[in-house]
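Each remark here refers to the structure printed beneath this line.
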Number of protein chains: 2
Amino acid sequence: MRASQFFIATQKEAPQEAELPSHKLMLRAGMIKRLGSGLYSWMPLGLRVLRKVEAVVREEMNRAGALELLMPAVQPKELWEETGRWAVFGPQMLKIRDRHERDFCFGPTHEEVITDIARREIRSYKQLPLNFYQVQTKFRDEIRPRFGVMRAREFVMKDAYSFHTSLESLQDTYETMYQAYSNVFNRLGLKFRAVRADTGAIGGDGSHEFHVLADSGEDALAYSESSDFAANVELAEALAPVAARGAANETMREVDTPKQTSCEDVAALLGITLQQTVKSIAVVATDEAGNTQFYLLLLRGDHALNEIKAAKVPGLATFRFASEQEIRDALNCPPGFIGPVGVSDQVKVVADRSVAVMSDFVCGANKPKFHLAGVNFGRDLPEPVAVADIRNVVAGDPSPDGNGVISLCRGIEVGHIFQLRTKYAAAMEATYLDENGQKQVMEMGCYGIGVSRIVGAAIEQGNDERGIIFPPAMAPFAVAIAPIGYDKSEAVQSAAHALYDELTAAGIDVLLDDRGERPGVMFADLELIGIPHRIVIGDRGLKEGQVEYQPRTASSAETVALANIVSVIRQAL
Amino acid sequence: MRASQFFIATQKEAPQEAELPSHKLMLRAGMIKRLGSGLYSWMPLGLRVLRKVEAVVREEMNRAGALELLMPAVQPKELWEETGRWAVFGPQMLKIRDRHERDFCFGPTHEEVITDIARREIRSYKQLPLNFYQVQTKFRDEIRPRFGVMRAREFVMKDAYSFHTSLESLQDTYETMYQAYSNVFNRLGLKFRAVRADTGAIGGDGSHEFHVLADSGEDALAYSESSDFAANVELAEALAPVAARGAANETMREVDTPKQTSCEDVAALLGITLQQTVKSIAVVATDEAGNTQFYLLLLRGDHALNEIKAAKVPGLATFRFASEQEIRDALNCPPGFIGPVGVSDQVKVVADRSVAVMSDFVCGANKPKFHLAGVNFGRDLPEPVAVADIRNVVAGDPSPDGNGVISLCRGIEVGHIFQLRTKYAAAMEATYLDENGQKQVMEMGCYGIGVSRIVGAAIEQGNDERGIIFPPAMAPFAVAIAPIGYDKSEAVQSAAHALYDELTAAGIDVLLDDRGERPGVMFADLELIGIPHRIVIGDRGLKEGQVEYQPRTASSAETVALANIVSVIRQAL
């Protein structure tokens with residue numbers, strides 16, 4: 001494509017309302033234009049990127065045996081009433097009334113429509129399994145649309161729906177989709193992780209989210225660089241330390257901590273590490289008969305309580321934090337100085353796995369303005385009634401799958417796969433006849449990819465102060481030719497055109513910047529829009545038979561013989 | 001594609017509500033499924049066809065220099081108020097209110113949105129001309145949706161919008177689009193005509209409709225087989241006969257026509273052709289001062305009055321048909337026997353061009369139960385006050401462009417190109433700075449193709465009692481392999497797979513019918529869904545190294561050596 005025949009409309013500044021880097025950069029690069037709240041036009045430059053993502057998604061879905069179809073965006077209310085979701089879906093669903101006063105919605109998702117197709121088209125077990133997908137415009141009336149295409153109201157989604165005679169068949173297709181999704185994100189050149197997820201509003205059993213890793217993500221993830229392990233931080237297991245508890249070397253003693261009520265302050269005062277301190281969290285659990293029980297939950301000073309995990313400890317299913325009065329009643333001490341030593345047998349002590357292996361530690365003394373040091377289980381206090389994983393993982397923890405250590409990051413959800421089971425099929429009576437001629441309800445899975453969101457997520461992952469850094473598979477053009485003095489030098493112009501023709505003939509997406517802009521403007525534009533490879537052609541270099549080549553991720557250019565540049569580019573791609 | 005891994009769901013009968021062949025056949029072939037009134041899902045088979053159409057449209061638009069973008073389907077009311085179309089568009093526009101009670105519509109067209117983009121993005125004459133297009137789902141809330149995808153409410157449209165500094169530039173792009181549209185329909189293998197059209201609701205100057213020719217079309221067209229001439233029947237010119245008026249050979253005489261009030265009946269009674277009769281149509285025109293004038297419009301017996309043309313005759317701008325009383329008052333004769341001979345000079349006689357060259361003709365005698373024969377202008381009555389083209393063309397008339405003769409047919413509108421001029425740009429203040437730094441309003445064109453409608457139109461044009469006959473460029477698969485006894489014969493199975501692999505490797509879209517259906521079912525399905533080429537492989541033929549090849553349009557198969565079939569297919573494609 002020649003830039004003069006294309007539409008490049010970059011901007012120096014992004015509008016104020018853009019918060020995220022991807023939103024700012026997509027607006028500045030002229031990839032999208034805002035039409036209204038959560039409504040964006042994909043300009044030619046942006047659409048090239050979107051289409052490349054779509055193409056990869058389609059290829060991998062087709063390869064996985066899914067069949068593409070296209071369902072209407074507008075869906076009748078009656079179908080949604082069959083599953084009860086017309087009332088449940090809430091104001092995110094854009095409701096429409098047609099000229100005959102009949103109710104419809106602009107589809108936020110298509111379970112009802114595809115299940116309606118399935119129940120009318122599928123008669124026999126011989127037709128199953130089937131996996132249908134579409135790439136389609138959807139609408140969700142977000143209360144506060146933001147982040148550009150990352151949380152737009154109108155967006156492009158790939159949604160797939162599979163139908164089965166058995167859970168085993170569903171799980172097979174689920175695995176196939178898991179692999180297809182991994183292929184999609186790998187091919188797009190994105191750093192991503194699949195995360196086991198709660199199923200949320202769509203319902204059913206078994207579900208994974210696919211997250212692109214980026215600092216601006218809404219979800220906190222724990223992952224291993226050494227494997228494909230990933231989990232929501234809240235659900236990631238903190239393994240028990242491998243090392244056994246050390247021997248008790250110190251004598252337990254009171255230390256004066258007049259104003260130090262936090263582990264941080266105590267450690268600072270004593271000149272020790274946070275890892276040598278133990279914090280005691282007082283909680284109250286109520287059993288089914290309504291009896292209350294006071295607990296102390298022990299965590300290492302540098303760890304944070306994970307309430308979801310703690311609630312899984314027997315007896316703690318429904319716990320709450322103790323009030324100051326309850327703490328004083330149970331321990332005869334105000335918060336800030338409480339600890340597990342010397343407590344009555346009415347107080348149950350639960351230790352996190354990390355605490356259970358500590359020796360000579362520091363904790364509250366149950367005496368105002370004092371802590372205890374050199375504390376040891378078995379000698380100074382009984383062993384805890386339970387030892388369990390009750391903390392959030394932290395960076396550096398061993399990965400639960402045994403490979404490497406945990407890193408923490410944030411993730412942008414770009415895909416989600418679900419085992420819906422029979423939720424929709426049962427509600428809508430989507431049945432088939434089995435081998436014995438018996439009616440059976442279909443098992444069902446669904447699989448979504450936020451196609452337009454991927455573009456934003458990729459930019460969140462790849463950008464610098466100069467602009468977007470697209471992975472090559474998503475870039476609007478693979479290569480840019482930047483001629484210096486295009487309008488003035490015939491030599492430059494003809495070399496640029498010859499190179500353009502040669503690269504184009506090799507099937508490479510090339511942008512020839514023939515606008516005649518000054519080098520500074522030209523380079524800034526090409527960097528902003530994220531073209532992975534740039535070739536600069538100038539009179540001076542041409543005299544030596546040379547051009548300058550610079551990958552977008554490099555900080556400087558290298559000189560390459562004009563005769564070799566095509567093979568350099570081919571190798572780079 | 002192997003049929004066992006695809007989704008083929010044909011039906012013997014189409015639902016009652018389907019009227020048109022294309023609607024019936026698309027439902028029977030399982031190309032589409034109805035979701036609601038005017039709402040259809042494109043099933044995998046149908047979507048393959050739709051995508052092939054889309055691909056050709058995109059290729060030709062790109063080749064014509066248009067730039068693809070993608071605008072939102074949901075559009076804010078405010079933009080439509082700027083052009084006044086929010087109120088004007090009427091109930092065809094599906095209006096939507098979002099959760100914040102703001103008004104939107106599901107876009108029926110995108111002039112407002114693209115003009116908004118243009119006014120914000122285009123600053124200078126240097127950026128023009130530009131031609132943007134999209135392939136997008138649109139919604140028009142038809143009061144009575146019908147004919148399947150031909151008049152659906154939700155449909156796929158290619159809409160393009162161009163912006164210019166001058167009418168000349170607009171006309172250039174208009175010509176380019178005219179050619180691109182012709183390329184699209186030619187490449188799709190459709191018999192079509194471009195017809196000069198009224199601009200209707202979208203407004204502006206200069207417009208052509210592109211019609212696929214088919215008996216079921218809504219528009220009556222006149223076209224020449226010998227050229228690309230085509231026009232709405234109502235607008236097609238009937239040329240003046242080349243032959244001069246013949247000499248008067250007969251004497252004028254009264255003929256007894258006791259019950260014969262029509263030219264047909266008179267011709268039958270007298271044993272002459274309709275072409276020898278003249279009918280007189282009495283009309284009354286009113287001038288600006290309110291004075292009325294009685295006219296007789298003379299047409300040959302086999303011709304029909306074209307009111308649009310007649311209204312262009314000076315004095316007839318606002319005419320109406322005369323009442324029986326007015327006829328009796330003017331001619332002293334009841335309708336059925338009136339004619340131009342012997343009328344008072346208060347009656348003005350206008351002759352169609354065909355009548356003006358007649359001699360020795362038959363017309364009413366202005367005397368109940370009598371006609372006149374052997375009538376001649378100049379001798380028996382004065383020359384008409386005007387001779388003009390006031391009739392509809394008929395089949396066999398010379399084509400107005402001088403090439404061949406007129407055929408009549410019906411057309412399905414699948415494309416429409418408009419010179420909008422400044423209608424939208426002026427209303428929305430879409431301006432640019434010209435070479436002198438002066439603000440100027442942009443000239444604008446728009447160009448639509450009914451992408452999904454094309455599929456229906458192609459089937460209207462190509463079908464027989466066995467089903468759909470797709471042009472090869474649109475067929476879901478180019479070739480079908482139909483193995484006889486697939487489940488029983490290893491030889492058949494392996495030959496079928498080998499051929500499938502060979503054709504697939506050659507880049508040909510093949511459907512291998514490996515469902516193990518009986519030949520009758522298999523052939524019926526393959527013919528119904530319109531696959532252009534069928535190869536039947538059976539044990540008997542294989543023993544001789546032969547297969548049967550039958551194009552969809554042929555009535556019988558031919559025997560081809562298995563070794564030659566690939567080259568036969570390549571040649572056929």
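By convention in this document, chain letters (A, B, ...) are assigned in the order of the sequence lines, proteins followed by strands, and residues within each chain are numbered from 1. Everything quoted here is computed from the prediction, not taken from an experiment.
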Chain B interface, residue from A:Pro76, A:Gly46, A:Ala9, A:Gly36 that has the most non-hydrogen pairs under 4.5 Å:
A:Pro76
Heavy-atom pairs under 4.5 Å with chain B are the metric here; pick the option from A:Ile143, A:Ile117, A:Leu130 that has the most.
A:Ile143
CG of A:Leu94 to CD1 of B:Ile96, rounded to nearest 0.5 Å, is 5.0 Å
Given heavy-atom pairs under 4.5 angstrom as the criterion, report whether the side chain, backbone, both or neither of B:Leu39 touches chain A.
both
Using non-hydrogen atoms only, which part of B:Leu35 is less than 4.5 Å away from chain A: side chain, backbone, both, or neither?
both
Give every residue pair that meets the ring-ring contact (aromatic ring centres under 6.0 Å, His included) criterion with at least one member in residues 136-157 of chain B, sequence neighbours excluded.
B:Phe106-B:Phe139
To the nearest 0.5 Å, atom CG of A:Leu50 lies from atom CG of B:Leu69 at 12.0 Å
Give each N or O donor-acceptor pair spanning chain B and chain A at a distance under 3.5 Å, with atom names and distance to 0.1 Å, or state none.
{"residue": "B:Lys33", "atom": "NZ", "partner": "A:Glu121", "partner atom": "OE1", "Å": "3.2"}
{"residue": "B:Lys33", "atom": "NZ", "partner": "A:Glu121", "partner atom": "OE2", "Å": "2.9"}
{"residue": "B:Arg34", "atom": "O", "partner": "A:Arg120", "partner atom": "NH2", "Å": "2.8"}
{"residue": "B:Trp42", "atom": "N", "partner": "A:Leu70", "partner atom": "O", "Å": "2.7"}
{"residue": "B:Trp42", "atom": "O", "partner": "A:Leu70", "partner atom": "N", "Å": "2.9"}
{"residue": "B:Arg51", "atom": "NH2", "partner": "A:Glu68", "partner atom": "OE2", "Å": "2.7"}
{"residue": "B:Glu68", "atom": "OE2", "partner": "A:Arg51", "partner atom": "NH2", "Å": "2.7"}
{"residue": "B:Leu70", "atom": "N", "partner": "A:Trp42", "partner atom": "O", "Å": "2.9"}
{"residue": "B:Leu70", "atom": "O", "partner": "A:Trp42", "partner atom": "N", "Å": "2.7"}
{"residue": "B:Ala73", "atom": "N", "partner": "A:Glu154", "partner atom": "OE1", "Å": "3.0"}
{"residue": "B:Ala73", "atom": "N", "partner": "A:Glu154", "partner atom": "OE2", "Å": "2.6"}
{"residue": "B:Val74", "atom": "N", "partner": "A:Glu154", "partner atom": "OE1", "Å": "2.9"}
{"residue": "B:Asp98", "atom": "OD2", "partner": "A:Arg153", "partner atom": "NH1", "Å": "2.8"}
{"residue": "B:Arg99", "atom": "N", "partner": "A:Asp141", "partner atom": "OD2", "Å": "2.8"}
{"residue": "B:Arg99", "atom": "NH1", "partner": "A:Asp141", "partner atom": "O", "Å": "2.6"}
{"residue": "B:His100", "atom": "NE2", "partner": "A:Ile143", "partner atom": "O", "Å": "3.1"}
{"residue": "B:Arg120", "atom": "NH2", "partner": "A:Arg34", "partner atom": "O", "Å": "2.8"}
{"residue": "B:Glu121", "atom": "OE1", "partner": "A:Lys33", "partner atom": "NZ", "Å": "3.2"}
{"residue": "B:Glu121", "atom": "OE2", "partner": "A:Lys33", "partner atom": "NZ", "Å": "2.8"}
{"residue": "B:Asp141", "atom": "O", "partner": "A:Arg99", "partner atom": "NH1", "Å": "2.6"}
{"residue": "B:Asp141", "atom": "OD2", "partner": "A:Arg99", "partner atom": "N", "Å": "2.8"}
{"residue": "B:Ile143", "atom": "O", "partner": "A:His100", "partner atom": "NE2", "Å": "3.1"}
{"residue": "B:Arg153", "atom": "NH1", "partner": "A:Asp98", "partner atom": "OD2", "Å": "2.8"}
{"residue": "B:Glu154", "atom": "OE1", "partner": "A:Ala73", "partner atom": "N", "Å": "3.0"}
{"residue": "B:Glu154", "atom": "OE1", "partner": "A:Val74", "partner atom": "N", "Å": "2.9"}
{"residue": "B:Glu154", "atom": "OE2", "partner": "A:Ala73", "partner atom": "N", "Å": "2.6"}

Structural part of B:Ile114 lying under 4.5 Å from a heavy atom of chain A:
neither
I'd like to know which of A:Leu67, A:Val113, A:Val156, A:Leu79 tops the heavy-atom pair count under 4.5 Å against chain B.
A:Leu67
Excluding sequence neighbours, so at least two apart, what forms ring pair (Phe, Tyr, Trp, His ring centres under 6.0 Å) with A:Phe104?
none
Does B:Phe132 have any ring pair (Phe, Tyr, Trp, His ring centres under 6.0 Å) partners at least two apart in sequence or in another chain, and if so, which?
A:Phe7
Portion of B:Leu47 that has a non-hydrogen atom of chain A nearer than 4.5 angstrom:
side chain
